Amino acid sequence: EPEVTQTPSHQVTQMGQEVILRCVPISNHLYFYWYRQILGQKVEFLVSFYNNEISEKSEIFDDQFSVERPDGSNFTLKIRSTKLEDSAMYFCASSEIGNQPQHFGDGTRLSIL
Amino acid sequence: QKEVEQNSGPLSVPEGAIASLNCTYSDRGSQSFFWYRQYSGKSPELIMSIYSNGDKEDGRFTAQLNKASQYVSLLIRDSQPSDSATYLCAVNPNSGYALNFGKGTSLLVTP
């Protein structure tokens with residue numbers, strides 16, 4: 001069964017450094033998403049991406065965040081200058097069309113020191 | 001603020017029993033509703049989607065939606081210890097496709 005793949009599984013970074021989280025969505029899916037989950041809290045939406053542009057973003061997704069689809073398969077989330085509070089699990093998801101079920105990758109655990 | 005509310009639990013049921021998980025949402029225009037299962041330290045795994053009022057069955061799982069009451073539920077029949085996990089209710093608001101998640105209900109199925 002097709003799945004969303006994310007790399008790396010765990011990323012440890014010093015505060016202030018840039019990180020790039022990578023995702024390969026399911027191949028025939030058109031909508032891509034990033035969510036995060038701080039330990040013990042609920043899953044929170046960050047951004048959605050369709051047709052090579054951001055379609056929605058939350059208040060969390062400020063100027064420190066950016067997304068990109070650099071080629072036909074990868075979808076990346078960049079955090080420009082990480083803060084301690086960016087420590088969380090980051091999940092990539094994709095869906096065939098907008099209101100269809102979103103399928104999640106295994107996540108990247110981001111630890112900021 | 002558009003909210004999705006779930007009882008945090010834990011909900012404890014004996015093996016073989018029916019587990020009933022509930023969720024309410026505040027955005028009356030919400031169109032799409034999903035149940036995800038999340039094991040500790042893992043990612044959300046889709047169980048069910050439901051879009052119209054009524055019941056939808058898939059194996060041991062039944063999702064129920066009542067848009068007038070802004071209420072969606074998940075029934076798990078013949079509960080197994082492997083069903084022990086946190087169950088997340090997720091709602092698409094009226095505008096856009098971002099999922100708004102509840103905090104989840106922890107389910108414990110005891111042998």
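Model, not experiment: these values are computed from the prediction. Residue numbering restarts at 1 for every chain, and letters A, B, ... go by the order of the sequence lines. Side chains are part of it too, since the values below use all heavy atoms of this structure and drop only hydrogens, waters and symmetry mates.
Using a 4.5 Å cut-off between heavy atoms, B:E45 does not touch chain A at all. Heavy atoms closer than 4.5 Å to chain B are found in the side chain of A:Y35, but not in its backbone. If you measure heavy-atom distances from A:E56 to chain B, the contacts under 4.5 Å come from the side chain alone. With a threshold of 4.5 angstrom between heavy atoms, B:K42 approaches chain A through N, CA, C or O but not through any side-chain atom.
For the options B:N92, B:L99, B:N100, heavy-atom pairs under 4.5 Å to chain A are most numerous at B:L99. With chain A as partner, the option from B:G96, B:G104, B:S49, B:G102 having the largest number of non-hydrogen pairs under 4.5 angstrom is B:G96. When A:G105, A:S48, A:A93, A:P101 are compared by the number of non-hydrogen pairs under 4.5 Å with chain B, A:P101 comes out ahead. Between chain B and the residues A:R109, A:Q6, A:Q100, the largest count of heavy-atom pairs under 4.5 Å involves A:Q100.
A salt bridge is absent between A:R22 and A:E68: the closest approach of a Lys/Arg side-chain nitrogen to an acidic carboxylate oxygen does not fall below 4.0 angstrom. We find that B:R60 and B:D83 are joined by a salt bridge, their nearest charged nitrogen and carboxylate oxygen being less than 4.0 Å apart.
The neighbour count for A:K83 NZ, taken as heavy atoms of other residues, nucleotides or ligands under 6.0 Å away, is above 12. The 12-atom threshold is exceeded at CD1 of A:I97, counting heavy atoms of other residues, nucleotides or ligands nearer than 6.0 Å.
Between A:Y33 and A:F104, the distance from one ring center to the other does not fall under 6.0 angstrom.
Aromatic ring orientation, A:Y31 versus A:Y50: parallel (interplanar angle below 30°, classes split at 30° and 60°).
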